[in-house]
Amino acid sequence: MSESIRALKERMAEIGHLGRIAGVLEWDLQTYMPPGGAAARSEQIALISRMTHEMFTAEETGDLLAKAEAEAASLDGDSDEARMVRNLRRSFDRAVKIPTSLAAEFARQTTLSQEIWARARAESDFAAFAPSLERNLELVRQIVSHLGYENDPYDALLDQYEKGMKTAEVSAIFETLKPHLIDLTRAIAERAGSGDEPITGHFPIADQNALTSRLAADLGYDYTRGRQDQAPHPFCINFSRDDVRITTRFKEDEWMMGVYATLHETGHALYEQGSPAEYENTALAGGVSSGVHESQSRLWENLVGRSRAYCIYLLPRLQEAFPEAFSGVTVDRLYRSVNRVRPSFIRVEADEVTYNLHILLRFELERELLSGRLRVADLPAVWNARMEEYLGITPPDDRRGVLQDIHWSAGLVGYFPTYTLGNLLAAQLWDTAQRAIPDLEAHIERGEFAPLLEWLRANVHAYGSKFEPNEVIRKATGAPLSSEHFTRYLQTKFGALYGLA
Ligand code: ZN
């Protein structure tokens, strides 16, 4: 490896370490930090965020990058070094557009805002959160104006999470999905009462913790390089490929939330644990985009975790953990209950059919807020009206409505659509994996998840973030992203479950 590329790699490794240090503070904030720690923590995170930004956008980085580009010009364009330099150029050009003071202010403001949001949500008090949200949006608009865009201001935000994806493409996908999802939701609602009621009982949290830890391990989650904790809003975070942590949450009177939160976060974690060792501390490490990341979590949570085959594996484990609740339960009963479709208020608890309508609503509202067409003060009313329009239900309070998600308090505008992109890709990957792995479902019934994990390792994880998301999708599935696999999957599965024509 030539001199400048090596020097650039060393500098990027240091900048990467700083980012991971901020990550540890963030993980602690979300798991164990007492509420009183919020003010000091926001200063600490803002400081590291400023240092990271300064170091990355410094002239020295720009010089190293320019020299590395000159060296990389003679390399194969698809070599690791050439791709690394290309990826860095893209993020560098983006980062230098944002003034350091704005980056630090954004980090401080959104850390504080998350604390304000958490209190406002607990008290279902939107007015208490509104000024903070207003300020977040103001900063987001400033960031957009620094970044610039061709057609739509939302493009500048979406691109941060889904490289290369355009707002118009997302709109087109939703235009296709929307009528299909609304029709399917209504058709199923007419068939309500199909033996799909939740399996109720008392589920001690210690037992749920033990069960979910084991489920994650069975999927292939490596606890020597990870751990599971509890957080109000489950997430996965990594400080290296050898320290990838998940969080989940439990309710004593409900078992599904904990199990499926764990399966979901395990899907994210498997992707990060599968990032190639040789890419560590470079711009090639880790998951490539939020959408591809979400395809991994949703694949394990839904395509695997809500399949009949997985229910065959899961039932004896549930019966062992909670004998009273599950003693007379059949596989069919379990399968129906984990696939119950009903319009509901909370996105993260939504079934596979209605979930993307929750995302569509957020995508629309974000664009309207960003452009100023929608005022923050009017947000709860508009939220509720659109819930009624798409799902036929109106949230009884803002806690179960506009205040439910952490994203806007964290400044994550432009992120929501990646959940739907992930759902579409999960179905597309699943179709491909089923063709590639003989007897995939029989393996899952027996709790053998290694064949699927190995296939994902080879066809998705092994690329790290070397290629663009659309390149990874093509390499893994042989085709560009399409919503067809997902709509066919929903139609087949739920058509059979609810006896639809
Ligand atoms: Zn996720």
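In listed order, ligands and their atoms are each counted from 1. Heavy atoms only: backbone and side chains are in, while hydrogens, waters and symmetry mates are out.
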cation_pi(Arg298, Tyr355) dist<6.0 Å, angle<=45:
yes

Between Phe106 and His53 (judged by ring centroids, cut-off 6.0 Å), do the two rings come close enough to count as a pair?
no

Between the side chains of Asp431 and Arg488, is the shortest nitrogen-to-carboxylate-oxygen separation below 4.0 Å, so that they form an ion pair?
yes

Does Glu115 come within less than 4.0 Å of Arg41, counting only side-chain N to carboxylate O?
no

In the protein, N/O/S atoms that are found under 2.8 Å from the Zn ion (ligand 1), waters not counted
His264 NE2, His268 NE2, Glu294 OE1

Hey, does Trp117 have a side-chain heavy atom less than 4.5 Å from the side chain of Phe129?
yes

Will you find, in the side chains of Glu441 and Gln434, an N or O donor that is under 3.5 Å from an N or O acceptor?
yes

